[in-house]
Amino acid sequence: MSKKTVFPYIPNSVPEVKAQMLKEIGIGDVMDLYYEVPEHLRFNGKMNLPPPLLDEYSIKKHLEQLLSRNKNCSDYLNFLGAGCAQHFVPAVCDEINGRGEFLTAYSSPMWADYGKWQAWFEYQSLMGELLDMDFLSIPTYDGAQAAATSLSMAVRLTGRHRVLAPKSMNPENLMVARNYLKDISDPAISIDLIEFDPETGLLDLNDLRAKVSADTAAVFIENPTYLGVMEIKAAEIGKLARENGAEFVVYADPISLGVMMPPAQYGATIACGDLHPLGIHMQCGGGQSGFMASLPDMDHASRFKDIIVGITNTVKEGEYGFGTVLPKNLSYIRRERANEFTGTNTGLWAITAAVYLSLMGPKGMQEIGQTILQKARYAARRISELEGVKLAFSSPFFKEFVVNFDETAKSVAQINRALLSYGIFGGKDLSDEFQHLGQCALYCVTEVITKQDIDRLVSALQEAVK
Amino acid sequence: MGRNKETRLRHFHQARWDEEIICEMSVPGERGILVPKAEEAICLEVGDGLSAIPECLRRKQPPALPEVGQMRVLRHFLHLSQETMGTDVTIDIGEGTCTMKYSPKVQEHLAARHPGMTEIHPLQDEATLQGIFEIYYKLEQFLKEISGLNYFSLQPSSGSQAIYANACIIRAYHASRGDRERDEIVTTLFSHPVDAAAPATAGYKVITLMPGENGYPDFGALKAALSKRTAGIVITNPEDTGIYNPGIDAYVKAAHDVGALCAYDQANANGLLGIARAKEAGFDLCHFNLHKTFSAPHGCMGPAMGALGVTTDLAKFLPVPRVEYDGQRYFLDYDLPESIGRVRSFFGNAPVALKAYAWIMQHGEEGLREAAAISVLNNNYLEKKIREIPGVVVWYAQGRRRLEQVRYSWEKLKKETGIGSDQVERRMVDYGLQHYFQSHHPQVVPEPFTLEPCESYSKDDIDEFAAVLHRISREAHEHPEIVLTAPHNAPIHDIPAPAIFDPEKIATTWRQYKKIKGGA
């Protein structure tokens with residue numbers, strides 16, 4: 001029989017220590033501690049798991065081998081966005097969210113975990129400035145959840161049952177929202193989609209006017225839209241919503257807000273979106289984090305589902321304390337009578353976003369917006385100069401734009417396969433999700449893309465469309 | 001062997017930096033980082049870019065973010081990290097139900113630094129994501145072995161989202177059979193509150209069973225709650241008291257007998273790995289918290305992952321996409337016409353899957369059983385020390401063993417000294433311990449505290465923790481003022497009102513705070 005393994009992460013697996021502990025509690029064998037678990041509920045088989053890689057070198061090599069089978073966006077040139085965009089991550093962001101204290105803390109209150117609560121409050125404060133909004137919670141799972149919860153909040157706030165959203169909206173976010181609002185009330189909540197103009201990519205205001213009514217809980221737009229364009233008529237859309245007593249929910253890209261107007265300034269009552277551009281690596285979609293903010297009145301404030309940090313006093317003069325705002329609305333306290341449900345969310349990314357915004361400051365946010373606008377414009381121009389390739393929409397865009405390849409007689413799938421052989425991830429193939437747009441792809445160009453990269457893409461595309 | 005943990009406690013002081021809010025540190029003109037600029041050739045061709053934004057959408061005033069140089073930003077947030085007591089730096093065995101185990105650095109480093117994890121985009125051609133897909137697929141196979149169930153999804157981003165997804169699957173199942181009468185979910189008080197809240201979010205009415213004398217609901221109470229209206233039960237076992245319900249299969253059968261499904265909340269799986277499974281108890285669905293049982297870190301409340309498992313009959317309702325394997329390559333399967341759709345974008349929190357995979361690969365079958373057994377041993381060893389502390393009562397089922405955690409009560413201490421769980425919780429910090437977890441609401445156990453040592457901690461750690469609580473109990477009897485005015489050695493002093501309800505006093509941003517203070 002092999003000698004029992006002492007595991008580095010299980011210190012009391014040392015046989016002598018185990019024996020001593022058993023002796024102290026008067027038990028002969030550790031399995032005797034399971035006497036409450038009856039035989040018929042025991043698993044007496046063997047779990048078919050691989051033999052363990054016990055030494056650290058071996059597990060490291062094994063994981064490195066696995067991860068190296070992924071092609072990554074440092075080695076490949078990446079133009080994919082569609083809800084997860086590649087942005088530069090400052091070293092200080094990685095430094096801070098790699099700190100063991102932050103990485104391994106959890107839900108403890110504000111004495112031993114004071115730093116965490118302050119970092120969360122600073123996240124709220126800095127995002128509040130970016131959004132020009134005064135009520136925020138710490139972020140939820142992803143932008144999709146933030147959108148779904150924003151719509152749910154609007155439904156609960158207004159007591160109405162219809163939500164209007166653009167047909168161009170992020171399809172994954174729409175799927176999450178559809179499930180989230182499904183079968184939860186009678187009458188059922190419907191998500192009605194508003195057409196968008198095939199020339200401009202903008203929301204069709206006539207269609208919106210036709211569909212908005214006294215039963216509209218929310219008008220939801222993305223700005224910029226999933227398809228990249230800036231929703232020029234956002235203020236008018238908001239006015240239509242508010243005139244009809246509906247909430248105006250705007251899904252914004254936080255990295256655009258140094259140069260683009262924050263939604264609150266054109267009438268949004270609830271703002272949401274995804275934080276991943278703010279100092280977080282893509283991580284295969286594992287860096288998503290859904291922010292939510294609203295006007296500070298109690299109608300809105302009382303409907304949040306997640307922890308909200310408030311600044312308060314301690315017993316010492318001049319010392320800042322932190323507490324939870326309106327905790328009784330959370331499911332921790334009120335269980336099924338709470339606002340939706342809450343739990344482990346994306347607190348580490350809130351802290352990371354706070355670090356990012358602290359580093360960037362107002363000038364950094366303006367400059368990065370500018371750089372993105374310039375590079376994306378340059379890319380769009382050069383791409384659309386190619387024979388048979390054109391931009392799908394005429395409207396201004398931020399970092400993403402739709403390229404139409406119909407006149408090249410190649411499908412996006414074929415083009416992207418060719419690009420792959422050049423070490424390039426081409427824009428997301430939209431031809432399934434938006435069939436009426438034809439063979440279109442969504443290209444994302446951020447500050448990490450250089451002129452050389454763009455020129456390289458264009459050369460490759462030139463070959464690919466032949 | 002070093003200090004006598006029972007008599008020589010730490011003279012601990014947490015870092016106290018009396019740190020400003022970052023907004024107060026702003027110096028106009030300071031830069032924390034410079035940003036890449038567009039090349040001159042690009043500028044010449046497309047201009048300044050800003051004028052591309054229509055006037056009506058152009059930001060007029062820059063955001064009033066602080067302007068702080070890089071060293072000061074780094075220093076500031078490092079100070080805040082020092083004022084945070086993560087599991088890495090403390091004996092974190094007081095956070096019952098949270099399973100604060102060691103997050104091995106070998107996997108943390110790879111997840112945070114290897115470009116094959118950090119720099120991959122979820123929409124890349126499937127051929128270029130074979131590594132992460134293999135991790136997903138194999139982790140699902142491992143969880144099948146551990147639970148005995150047939151199919152898993154790693155899409156949910158937390159335990160609570162997995163419970164929510166399970167509620168959606170239950171909903172889809174009954175709808176698919178044309179059964180629209182079932183609008184109730186039954187859960188228990190000592191299951192996590194989200195076992196009530198998540199099904200409610202999915203549209204269900206919730207019936208919550210109170211604990212009986214044994215600490216878990218009586219079988220009779222369950223039967224009385226079950227009916228043709230019951231869609232499912234969502235239950236933890238052991239519950240947050242650590243008491244294992246040996247009749248759980250009878251509870252499951254009773255639910256099945258009325259046509260309901262049974263979802264096993266396995267947040268408290270740590271003591272049962274390889275010992276008892278969802279399958280043998282008859283569950284149709286389950287979930288694991290990979291950031292608890294499977295060692296991924298808690299991250300200041302996430303990111304996380306809730307792995308949900310189902311029997312074959314329910315697999316068609318799972319979220320899309322699924323990672324499948326055809327014998328040669330891994331691929332994404334979106335072809336589930338009866339899927340509940342999505343609960344999250346992309347594939348969920350992929351790095352968490354990597355960490356859970358790594359942890360299982362380092363332990364194997366033997367290691368998982370050892371982790372479970374030692375977590376139960378550690379808990380029972382701790383329990384003997386804790387119940388000997390004056391003022392402690394082990395609530396419920398006296399004389400019966402718990403598995404991996406125990407709910408205690410300071411009720412006796414409170415009666416004798418006026419000092420209860422809130423005060424002890426604050427005083428712990430002075431000895432270098434993270435606060436313990438009391439209990440979820442409503443707190444039916446008076447003055448509660450719930451301890452879960454899990455397998456990561458050494459006997460010395462456990463001795464130290466018990467010694468601290470013992471000392472505080474003595475302080476409560478002999479010089480209570482020191483406990484009543486705690487914490488003394490934390491980053492801050494006591495907060496009289498940590499829950500803020502008054503709208504006039506609510507400031508969730510620094511600028512709102514300044515307004516309330518009148519610019520002070």
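Here is how names work: the chains are called A, B, and so on, in the same order as the sequence lines, proteins then strands, and each is numbered from 1.
Side-chain atoms of A/N179 and B/C168, non-hydrogen and from C-beta on, do get closer than 4.5 Å to each other. Looking at heavy atoms from C-beta onward, A/K363 lies in side-chain contact with B/R31 at the 4.5 angstrom threshold. B/T128 has its side chain within reach of A/F425: a pair of non-hydrogen atoms, C-beta onward, lies under 4.5 Å apart. Counting only heavy atoms from C-beta outward, the side chains of A/P296 and B/Q512 approach each other to under 4.5 Å. Between A/Y114 and B/P487, every side-chain heavy-atom pair lies at or beyond the 4.5 Å cut-off.
Highest contact tally toward chain B, considering only A/S68, A/S185, A/S358, A/A119, is held by A/S358 [criterion: heavy-atom pairs under 4.5 Å]. Note on B/A304, B/A281, B/A499: by heavy-atom pairs under 4.5 Å with chain A, the leading option is B/A499. When the candidates A/P50, A/G323, A/P11 are compared by the number of heavy-atom contacts under 4.5 Å with chain B, A/P11 comes out ahead. Heavy-atom pairs under 4.5 Å with chain A peak, among B/C23, B/A490, B/G274, at B/G274. With chain B as the partner, the residue from A/T371, A/L41, A/V325 showing the most heavy-atom pairs under 4.5 Å is A/L41. Comparing A/D183, A/V30, A/T450 by how many heavy-atom pairs each has under 4.5 Å with chain B, the most go to A/D183. When A/L54, A/N72, A/D94, A/N313 are compared by the number of non-hydrogen pairs under 4.5 Å with chain B, A/N72 comes out ahead. Considering only heavy-atom pairs separated by less than 4.5 Å from chain B, the leading option among A/E56, A/K428, A/Q118 is A/Q118. Chain A forms the most heavy-atom pairs under 4.5 Å with one residue out of B/E45, B/E67, B/E30, B/Q130, and that residue is B/E45. Counting heavy-atom pairs under 4.5 Å between each of B/L377, B/V206, B/N349, B/I506 and chain A puts B/L377 at the top.
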**OP:** Would you check, one step at a time, whether the test side chain to side chain contact (heavy atoms under 4.5 Å, CB included) holds for B/L50 with A/L373?
**Re:** CA-CA 7 Å; B/L50 293 171; A/L373 285 163; 4.1 Å; yes
**OP:** May I have the step-by-step check of side chain to side chain contact (heavy atoms under 4.5 Å, CB included) for A/T324 and B/F501, ending in yes or no?
**Re:** CA-CA 9 Å; A/T324 45; B/F501 299 101; over 6 Å; no
**OP:** Give the intermediate values and the outcome of salt bridge (Lys or Arg N to Asp or Glu O under 4.0 Å) for residues B/K384 and A/E24.
**Re:** CA-CA 9 Å; B/K384 178 167 186 289; A/E24 280 191 45; 5.7 Å; no
**OP:** Given side chain to side chain contact (heavy atoms under 4.5 Å, CB included), test A/K375 with B/E39 step by step and report yes or no.
**Re:** CA-CA 9 Å; A/K375 292 191 177 193; B/E39 294 84 338; 3.7 Å; yes
Subject >> Derivation of the side chain to side chain contact (heavy atoms under 4.5 Å, CB included) call for B/W510 and A/L126 >> reply: CA-CA 8 Å; B/W510 177 248; A/L126 300 181; over 6 Å; no
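Taking CZ of B/R342 as the reference point, atom CD of A/Q145 lies at 13.0 Å (rounded to 0.5 Å). Interatomic distance, CE of A/M282 versus CD of B/Q124, reported as 7.0 Å (0.5 Å rounding).
Looking only at atom types and distance, the side chain of A/D142 has a donor-acceptor partner in the side chain of B/S345 under 3.5 Å away. Defined by atom type and a distance below 3.5 Å, a donor-acceptor pair is missing between the side-chain atoms of A/E64 and B/H114. B/Q434 and A/S108 share a side-chain donor-acceptor pair at under 3.5 Å. A donor-acceptor contact under 3.5 angstrom links the side chains of A/Y141 and B/S158, judged on distance only. Counted by atom type alone, B/Q362 and A/Y9 present one or more donor-acceptor pairs between their side chains at under 3.5 Å. Side-chain contact of B/N378 with A/N12: a donor-acceptor pair under 3.5 Å is present, judged by distance alone. A donor atom on one side chain and an acceptor atom on the other are found under 3.5 Å apart for B/H493 and A/E319.
Between B/R400 and A/E36 there is a salt bridge, since at least one side-chain N of the basic residue sits less than 4.0 Å from a carboxylate O of the acidic one.
Only the side chain of B/E134 comes within contact range of chain A, with heavy atoms under 4.5 Å apart. Both the backbone and the side chain of B/V376 come within less than 4.5 Å of a heavy atom in chain A. B/Q14 touches chain A through its side chain: at least one heavy atom from C-beta onward sits under 4.5 Å away, while N, CA, C and O do not. The contact between B/Y102 and chain A is made entirely by side chain atoms (from C-beta outward), counting heavy-atom distances below 4.5 Å.
Ring-centre distance between A/Y332 and B/H441: not below the 6.0 Å cut-off.
Between A/F7 and B/H363, the two ring planes are parallel [angle under 30°; tilted spans 30° to 60°].
Of all heavy-atom pairs spanning B/T509 and A/F121, the tightest one is C-CZ, 3.5 Å.
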